[in-house]
Amino acid sequence: MRVAIAGAGLAGLSCAKYLADAGHTPIVVEARDVLGGKVAAWKDEDGDWYETGLHIFFGAYPNMLQLFKELNIEDRLQWKSHSMIFNQQDEPGTYSRFDFPDLPAPVNGVAAILGNNDMLTWPEKISFGLGLVPAMLRGQGYVEECDKYSWTEWLRVHNIPERVNDEVFLAMSKALNFIDPDEISATVVLTALNRFLQEKSGSKMAFLDGAPPERLCQPVVEHIESLGGEVHLDSPLREIKLNEDGSVAAFHIGGVKGKDSFDLTADAYVSALPVDPFKLLLPKPWKQMEVFRKLDGLRGVPVINLHLWFDRKLTDIDHLLFSRSPLLSVYADMSITCKEYEDPDKSMLELVFAPAKDWIGRPDEEIIEATMSELHKLFPMHFGGDNPATLLKYKVVKTPLSVYKTTPGCQQLRPDQTTPIKNFFLAGDYTMQRYLASMEGAVLSGKLCAGAVDQKRDQLSSSTPVSEPVAA
Ligand SMILES: Cc1cc2nc3c(=O)[nH]c(=O)nc-3n(C[C@H](O)[C@H](O)[C@H](O)COP(=O)(O)OP(=O)(O)OC[C@H]3O[C@@H](n4cnc5c(N)ncnc54)[C@H](O)[C@@H]3O)c2cc1C
């Protein structure tokens with residue numbers, strides 16, 4: 001079958017890859033001039049990379065790791081020590097660690113928690129451990145039921161002191177969805193904890209060895225093309241054209257940069273767009289259908305990704321750091337953690353600024369100024385004294401609508417990869433799969449979508465005409 005896929009983020013590329021593997025011909029159309037969507041990156045005037053987001057790959061990402069294996073690029077993942085490292089709030093410039101010993105799960109996770117005495121008291125550890133028992137015993141079914149609570153409400157229901165939020169979960173909830181524990185669904189935090197506690201290497205982290213469009217997306221594109229598929233940049237889906245029976249007749253692709261617009265026709269059609277732009281393109285007759293109406297409740301959350309280049313090394317830590325700052329989420333010194341960004345003398349901090357709703361509309365200079373005050377607390381030794389570190393340059397990347405905001409009640413709004421429209425399918429991290437809004441979720445959604453299309457091959461395949469250029 002010929003399958004038209006709109007969106008070359010990880011979901012669209014994964015969908016195309018698995019369709020191509022199954023013998024179909026995917027045609028991917030991407031609006032922008034760069035691959036990757038939320039993992040997109042660009043080079044600045046000096047040749048330094050800057051990215052949409054600081055991205056971490058977890059041991060608990062089976063579909064992503066399988067993809068690396070299938071592409072034979074596993075060596076591009078730079079695995080770090082099995083630890084989680086938090087900045088200490090009361091002692092600026094110091095860290096508190098959760099180190100996972102080389103033992104089977106969940107013993108290694110329990111040992112990591114029990115071994116950390118800086119952040120949680122023994123009564124807090126015990127009440128939190130007891131609270132997690134239902135999740136451990138009843139698994140994902142229980143985790144899904146908890147979508148009615150925010151994380152803070154879940155803590156209250158289990159009589160767990162809210163101080164554990166300040167210590168651990170404020171940082172974790174910002175890292176998971178760029179929002180605070182009062183807003184995030186308990187399902188999201190419990191899903192992550194479950195994976196981390198049930199899989200020995202679940203919480204182990206890796207950095208990619210360079211920029212995702214080149215080091216991850218490009219090999220997927222090459223694989224797709226080697227099997228006869230196509231990937232086109234600068235090709236935005238502008239309209240989903242319908243047949244009289246409500247099925248898709250064509251994807252109308254806008255003409256940009258001097259190209260003609262055209263109707264892309266295929267046997268099956270996939271939207272791998274994020275939920276917000278997809279809602280804008282919904283054809284009128286579909287809008288009242290329940291599956292699409294529910295999408296009204298899903299909306300992207302704002303986030304800002306910062307890159308700060310300094311005149312010296314600020315840290316020697318080769319890992320992700322949880323800042324525990326009210327303005328910042330996680331950060332890393334990419335000059336140490338990522339091979340292609342390596343610099344032996346100078347630090348490049350990449351930081352996620354979240355929650356960003358009050359900041360997304362502000363000028364870059366204000367955001368950098370606020371970040372620098374936070375960095376004074378995180379690195380007092382480098383910004384005090386008479387020879388403080390100098391900021392050489394910075395890049396701010398704002399994403400006003402990033403991954404969907406995972407507030408309570410969202411699980412039942414998420415659509416499946418199949419839709420009531422016989423030749424139309426959905427991929428994207430917001431579609432239903434167990435890894436929520438993440439790279440793993442995007443890759444899995446693409447794989448599930450490819451499977452759903454392939455399953456319908458008998459109903460869908462025909463001798464469809466090829467793309468027809470239409471006058472602009
Ligand atoms: C700051 C930040 C940090 C993150 N950190 C992590 C992390 O550490 N670990 C993790 O697992 N996940 C992380 N994520 C989440 C992860 O990046 C996303 O979940 C995932 O990349 C989403 O993939 P997707 O394919 O579903 O959507 P997208 O990546 O958004 O892809 C959708 C594509 O559709 C294209 N498109 C839009 N409109 C059109 C149109 N009209 N026609 C054609 N194409 C169109 C877009 O340009 C885009 O390329 C982070 C995200 C951000 C923003």
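Counting starts at 1 for both ligands and their atoms, following the listed order.
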Taking the six-membered ring for Trp and the single ring otherwise, decide whether the centroids of F251 and Y269 are under 6.0 Å apart.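 Yes, the ring centres sit under 6.0 Å apart.
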Any chance the rings of F68 and F57 have centres within less than 6.0 Å?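 So the answer is yes for these two rings.
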Under the 6.0 Å and 45° cation-pi test, does K346 pair with F310? no
Closest to atom 35 (C) of ligand 1 (judged by heavy-atom distance), picking from M64, R238, E30, H232: E30
Which one holds for [X] and ligand 1: side chain close, backbone close, both close, or neither close, with close meaning a heavy atom under 4.0 Å?
X: H55; result: both
X: F178; result: side chain
X: V29; result: backbone
X: D429; result: both
X: F57; result: neither
X: A40; result: neither

Residues D46 and K393 bridged, charged N to O under 4.0 Å: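 Here D46 pairs with K393 in a salt bridge, since their nearest N and O are under 4.0 Å apart.
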Is D209 salt-bridged to R76, cutoff N-O under 4.0 Å?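 Here D209 does not pair with R76 in a salt bridge, since their nearest N and O are not under 4.0 Å apart.
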4.0 Å heavy-atom contact, T399 with ligand 1: no
If we only consider heavy atoms of A437, is any one of them less than 4.0 Å away from an atom in ligand 1? yes
For G53, the ligand 1 atoms with a heavy-atom partner under 4.0 Å come out as 1 (C), 2 (C), 3 (C)
Between E183 and T407, a side-chain donor and acceptor under 3.5 Å: no
Which residue and non-hydrogen atom of the protein lie closest to [atom], and at what distance in Å?
atom: atom 8 (O) of ligand 1; value: I56 N, 2.8 Å
atom: atom 29 (O) of ligand 1; value: K38 N, 2.8 Å
atom: atom 31 (O) of ligand 1; value: G9 CA, 3.4 Å

Pick one: which of E225, E222, E70 meets salt bridge (charged side-chain N to carboxylate O under 4.0 Å, His left out) with K17? E70
